[in-house]
2 protein chains.
Amino acid sequence: MMASVTNKTPATPRQAARRQAAVDRRLDTEFFKALADPTRARLLACLVKCGRPCSVTEVAACCDVDFSVVARHLGLLARAGVLEAEKKGRTVWYVARCAALSGRLRALADAIDEWCPSGGQGDRSGDRCGCDKGEC
Amino acid sequence: MMASVTNKTPATPRQAARRQAAVDRRLDTEFFKALADPTRARLLACLVKCGRPCSVTEVAACCDVDFSVVARHLGLLARAGVLEAEKKGRTVWYVARCAALSGRLRALADAIDEWCPSGGQGDRSGDRCGCDKGEC
DNA sequence: ATGATACTTGCATGATGGCGTCAGTAACCA
DNA sequence: TGGTTACTGACGCCATCATGCAAGTATCAT
């Protein structure tokens, strides 16, 4: 995952922004938005610690917000890839996708460490411009 | 970081929510809010890839938003611990705290993996109630 | 069929947040 | 001292979103 390559120091922020690197792809704001709400964080932690599929009704018992709010949050977390949903009959079973979640976090950490001065910096010659401005 | 312990399967989400574990502390919503905006993500990626302290003016040249917006975002990222700010004269130099950033991400990944079925589950007898409801 | 359970969806509301404009402050330069 | 540069802070506008309520749908039990 972390190739050993030559260090190439970027000159300016503009030139740095031009480079399309792993860190750009890994900084998925939709993913972070899903984790940026206190209620959702509580629900996610609950499901992670529970370690088994739970219904919306079960999870809602751990929260002071309305049932419909919990249902909406769980659906959002599932769409973000953080939870897995399976409908059986009239109940929906949600389970935390722990491996996928920690995998995404580690992938971003790796992508950042590639640029870290104390870490293994690399040759970015293969990276392409990620800037939306032509002259950048 | 990951102690080898006995597996204790939680019974219900309520009981799971009671347990105050590392994953609760690591799910810092303020931290994720800082990363949940596209403009901030772009600025952060720019600074990570640049690998050196940059002034607000420099970074603003990589973005289509107003200068004041960039200045606000950089200040927010610095307050979130993602950037480090140093004022010299009239210019503020921002640099990405890569090690701190990836460290936080890995710490959360570790905290999640502790509860992952395929990972090393553990004895949570030392964990305390994290629920805000008395009966929980 | 009747009722209960489990969830979804629409709507109103209040709060939060991103953005641009502009005025203000502080440091540097000539 | 006057002007420029670099940034900060105070608004106001607007979009998004979290929440609660209430109505609706689908499934299950009797």
Side-chain angles (χ1 to χ4, degrees), chain A residues 12-14 27-47 50 52-80 82-95 132-133, chain B residues 12-14 27-47 50 52-80 82-95 132-133:
Chain A
T12 68
R14 282 182 89 102
L27 272 174
D28 180 7
T29 54
E30 291 307 313
F31 172 64
F32 290 118
K33 276 183 190 171
L35 306 178
D37 179 73
T39 304
R40 278 197 295 271
R42 178 181 292 268
L43 296 174
L44 174 60
C46 176
L47 279 165
C50 203
R52 64 164 179 85
C54 302
S55 68
V56 180
T57 306
E58 280 181 311
V59 181
C62 303
C63 238
D64 282 333
V65 296
D66 192 78
F67 175 87
S68 69
V69 172
V70 174
R72 269 194 287 260
H73 279 316
L74 293 179
L76 189 150
L77 287 170
R79 281 191 300 274
V82 173
L83 303 181
E84 190 181 336
E86 189 186 6
K87 186 157 191 169
K88 279 184 178 175
R90 54 183 168 178
T91 89
V92 183
W93 299 97
Y94 285 101
V95 64
D132 51 356
K133 302 170 77 174
Chain B
T12 68
R14 281 185 89 101
L27 273 174
D28 179 7
T29 54
E30 291 308 312
F31 172 65
F32 291 120
K33 277 182 189 172
L35 306 179
D37 178 72
T39 305
R40 277 196 297 272
R42 177 182 293 269
L43 296 174
L44 174 59
C46 176
L47 279 164
C50 201
R52 64 164 178 85
C54 302
S55 68
V56 180
T57 306
E58 280 181 312
V59 181
C62 303
C63 239
D64 282 333
V65 295
D66 193 79
F67 174 86
S68 69
V69 173
V70 174
R72 269 194 292 263
H73 279 317
L74 294 179
L76 190 149
L77 288 170
R79 281 191 300 275
V82 173
L83 302 182
E84 189 180 336
E86 189 185 5
K87 186 156 192 171
K88 278 185 179 176
R90 55 184 168 179
T91 90
V92 183
W93 298 95
Y94 286 101
V95 64
D132 50 357
K133 301 169 77 175

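Labels below follow one simple rule: chain letters A, B, ... track the order of the sequence lines, proteins then strands, and each chain is numbered from 1. Quick note: numbers below take in every heavy atom, side chains included, and nothing from hydrogens, waters or symmetry partners.
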| query | For the atom pair CG (A:Leu47) and CD (A:Glu58), what is the distance rounded to the nearest 0.5 Å? | reply | 9.5 Å
| said: If I take atom NE2 in residue B:His73 and atom P in nucleotide D:dC7, what distance separates them, rounded to the nearest angstrom? | reply: 16 Å
| request: Using the heavy-atom set of chain B and a strict 4.0 Å cut-off, write down the first and last nucleotide of DNA chain C that makes it in, 5' to 3'. | output: C:dG17 to C:dC28
Side-chain atoms of residues 67-79 of chain A: list all donor-acceptor pairs with protein atoms under 3.5 Å, sequence neighbours left out, distances to 0.1 Å.
| unit_1 | atom_1 | unit_2 | atom_2 | d |
| --- | --- | --- | --- | --- |
| A:Ser68 | OG | A:Asp66 | OD2 | 2.9 |
| A:His73 | ND1 | A:Arg40 | NH1 | 3.2 |

| said: If you compare all heavy atoms of B:Cys63 against all heavy atoms of B:Thr39, which two are closest, and at what distance to 0.1 Å? | reply: SG-CG2, 4.1 Å
| query | How far does the helix from C:dA1-D:dT30 to C:dA30-D:dT1 bend, going by the axes of its first and last five pairs, to the nearest 10°? | reply | 20°
| If you pin B:Trp93 and A:Asp37 to their nearest nucleotides in DNA chain D, which one's is more 5'? | B:Trp93
| field | Residues in salt bridge (Lys or Arg N to Asp or Glu O under 4.0 Å) contact with A:Asp37, at least two apart in sequence or another chain | value | none
Short N/O separations, protein against nucleotides 9-16 of chain D, under 3.5 angstrom:
| unit_1 | atom_1 | unit_2 | atom_2 | d |
| --- | --- | --- | --- | --- |
| D:dA10 | N6 | B:Arg72 | NH1 | 3.1 |

| query | What distance do B:Arg42 atom CZ and B:Cys62 atom SG have between them, rounded to the nearest 0.5 Å? | reply | 9.0 Å
| field | B:Phe32 CZ to B:Leu27 CG distance, which is reported to the nearest 0.5 Å | value | 5.5 Å
Just the atom pairs and distances: protein N or O near nucleotides 23-30 of chain D's N or O, under 3.5 Å.
| unit_1 | atom_1 | unit_2 | atom_2 | d |
| --- | --- | --- | --- | --- |
| D:dT27 | O2 | A:Arg90 | NH1 | 3.2 |

| request: Apply side-chain contact (heavy atoms from CB on, under 4.5 Å) to A:Thr91 and list each qualifying residue two or more places apart in sequence or on a separate chain. | output: A:Trp93
| task | Can you sort out the partners of B:Glu86 under side-chain contact (heavy atoms from CB on, under 4.5 Å), two or more places apart, ordered by chain and number? | result | B:Lys88
| remark: Between B:Ser55 and A:Glu30, the residue closer to the 5' end of DNA chain D by nearest nucleotide is B:Ser55
| Excluding sequence neighbours, so at least two apart, what forms side-chain contact (heavy atoms from CB on, under 4.5 Å) with A:Lys87? | A:Val92
| remark: Residues passing the salt bridge (Lys or Arg N to Asp or Glu O under 4.0 Å) test with B:Glu30, sequence neighbours excluded, are B:Lys33
| note | Nearest heavy-atom approach of A:Leu44 to A:Leu35 is CD2-CD2, 3.6 Å
